[in-house]
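First up is the structure itself, then whatever we jot down about it.
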Amino acid sequence: MRVATWNVNSVKQRVPRLLPWLDERRPDVVCLQELKLADAAFDDLLGEELARRGYEAAVHGQTQWNGVAILSRVGLEDVVKGLADGPGFPDQEARAVAATCGGVRVHSVYVPNGREVDSDHYRYKLEWLKALRDVVAAGPEDVMVCGDVNIAPADADVYEPGAFEGHTHVTAAERGALGEFHALGLRDVVRDRWPTERIFTYWDYRAAMFQQNLGMRIDLILASGSVAARAKAAWVDRQARKSAGSKAAASKDGAPKVAGPSDHAPVFVDLDEAPDGDIGPVVPPPSAPRSGKSVRAPR
DNA sequence: ATGGCAGGAGCATCCTGA
């Protein structure tokens with residue numbers, strides 16, 4: 001089962017990239033963030049194209065800002081929009097949606113930005129993370145939290161730690177809130193797979209930050225131990241962050257403007273089948289051991 | 001310290017992002 005998460009920064013703007021990306025990468029489950037449109041508009045925009053590709057969609061959108069979704073072609077059950085007892089700013093925003101896909105409880109999340117340290121919005125961010133933690137803690141063991149967490153887990157996850165001193169995304173309180181998910185047993189599957197690599201998932205549009213690889217790793221796939229143990233591969237799809245064509249080609253008279261990228265890249269994890277056949281009817285041969293770990297150990 | 005770039009609302013420019 002291939003799971004991806006992508007902050008698309010307006011799904012309306014990203015359609016010319018999203019559909020070819022689905023066809024090329026063929027993820028089974030996709031968590032999207034920053035849809036920036038309402039549920040009905042999402043359905044009008046993509047409903048038919050997604051159905052043609054075999055995806056069901058759980059959408060929790062709103063006009064203008066935020067908005068999250070889960071696309072799945074391995075089942076989409078028990079959809080929950082928003083966070084139970086979650087805080088608002090001042091009203092609840094469309095920042096979380098959950099569904100059970102292929103036997104795994106999947107959460108697509110867009111964590112509040114925080115804006116300025118110790119601001120109202122920063123406190124809202126920390127409260128929101130606590131509410132998400134409580135929802136995950138109360139849920140099933142096989143769980144994934146995927147999305148834009150707006151926290152760089154460690155100094156190695158920002159291009160220049162000194163540039164972020166006193167800013168959000170790197171404070172001890174934010175990292176502590178992220179640590180609560182690890183305390184529940186969740187793993188950061190990309191960092192587990194690449195312990196010492198310099199990996200970013202977000203690059204500011206300005207000042208050619210992507211071309212210089214000056215970014216941050218703030219889009220994460222967190223998975224319970226039971227799910228993380230099935231991870232065969234985990235990576236960032238940098239290709240999706242690249243500009244499509246040369247400036248010369250894009251600026252030709254009358255030529256349609258080439259669709260630009262989101263400022264975030266997608267993150268992927270490939271999971272082996274569940275040992276007990278959660279994602280399909282798997283009947284072991286009579287002599288096969290019924291308990292214990294999968295024979296197909298992750299490489 | 002500020003701007004750089006991009007998107008949405010909506011029609012001038014402001015808010016948000018991180």
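Quantities reported herein were computed from a predicted structural model and do not represent experimental measurements. Naming convention: chains lettered A, B, ... in sequence-line order (proteins, then strands); numbering from 1 in each chain.
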Would you indicate which nucleotide in [options] comes nearest to any side-chain atom of [X]?
X	options	value
A/A207	B/dA9, B/dA18, B/dG4	B/dG4
A/I218	B/dA9, B/dA18, B/dG7	B/dA18
A/Y205	B/dA18, B/dC5, B/dT16	B/dC5

Base, sugar-phosphate or nothing for [X]? Non-hydrogen atoms, less than 4.0 Å.
X	answer
A/M209	nothing
A/D148	sugar-phosphate
A/Y202	sugar-phosphate
A/S10	sugar-phosphate
A/D204	nothing
A/Y110	sugar-phosphate

Roughly how far apart, to the nearest Å, are [N] and [M] at atom [atom1]?
N	M	atom1	value
B/dC5	B/dG10	P	26 Å
B/dA1	B/dT13	C1'	23 Å
B/dT2	B/dA6	P	22 Å
B/dG7	B/dA12	P	23 Å
B/dC11	B/dG17	P	23 Å

Starting at atom [atom1] of [X], determine the distance to atom [atom2] of [N], rounded to an integer number of angstrom.
X	N	atom1	atom2	answer
A/L45	B/dG7	CG	C1'	15 Å
A/D219	B/dG17	CG	P	15 Å
A/D263	B/dT16	CG	P	17 Å
A/Q33	B/dG7	CD	C1'	17 Å
A/Y122	B/dG17	OH	P	16 Å
A/N113	B/dA18	CG	C1'	5 Å
A/R95	B/dT16	CZ	P	11 Å
A/L37	B/dG8	CG	P	8 Å

Polar contact flag, side-chain donor to acceptor under 3.5 angstrom, A/W21-A/D237: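 There is such a pair (donor and acceptor under 3.5 Å, judged by atom type) between the side chains of A/W21 and A/D237.
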No-hydrogen, no-angle side-chain donor-acceptor test under 3.5 Å, A/D204 and A/Y159: no
Residue whose closest nucleotide on DNA chain B lies nearer the 5' end, A/R14 versus A/G114: A/R14
DNA chain B: 5'-proximal contact among A/R206 and A/H121 (nearest heavy atom): A/R206
Heavy-atom check, side chain of A/D188 versus side chain of A/F181, under 4.5 Å: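 With C-beta onward as the side chain, the pair stays apart.
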side-chain hydrogen bond (donor to acceptor under 3.5 Å, both in side chains) contacts in which one or both residues fall within residues 178-187 of chain A, not counting sequence neighbours: A/R187-A/D192
Residue A/E48 excluded, over 12 heavy atoms near CD under 6.0 Å: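 For A/E48, atom CD is not crowded (no more than 12 foreign heavy atoms under 6.0 Å).
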Heavy-atom neighbours of A/K81 NZ exceed 12 at 6.0 Å: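 More than 12 within 6.0 Å, yes.
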Does a side-chain N or O from [X] land closer than 4.0 Å to OP1 or OP2 of [N], or not?
X	N	result
A/H264	B/dA18	yes
A/Q13	B/dG8	yes
A/R115	B/dA18	no
A/N150	B/dA18	yes

side-chain contact (heavy atoms from CB on, under 4.5 Å), paired with A/H107, selected from A/V135, A/V97, A/L222: A/V135
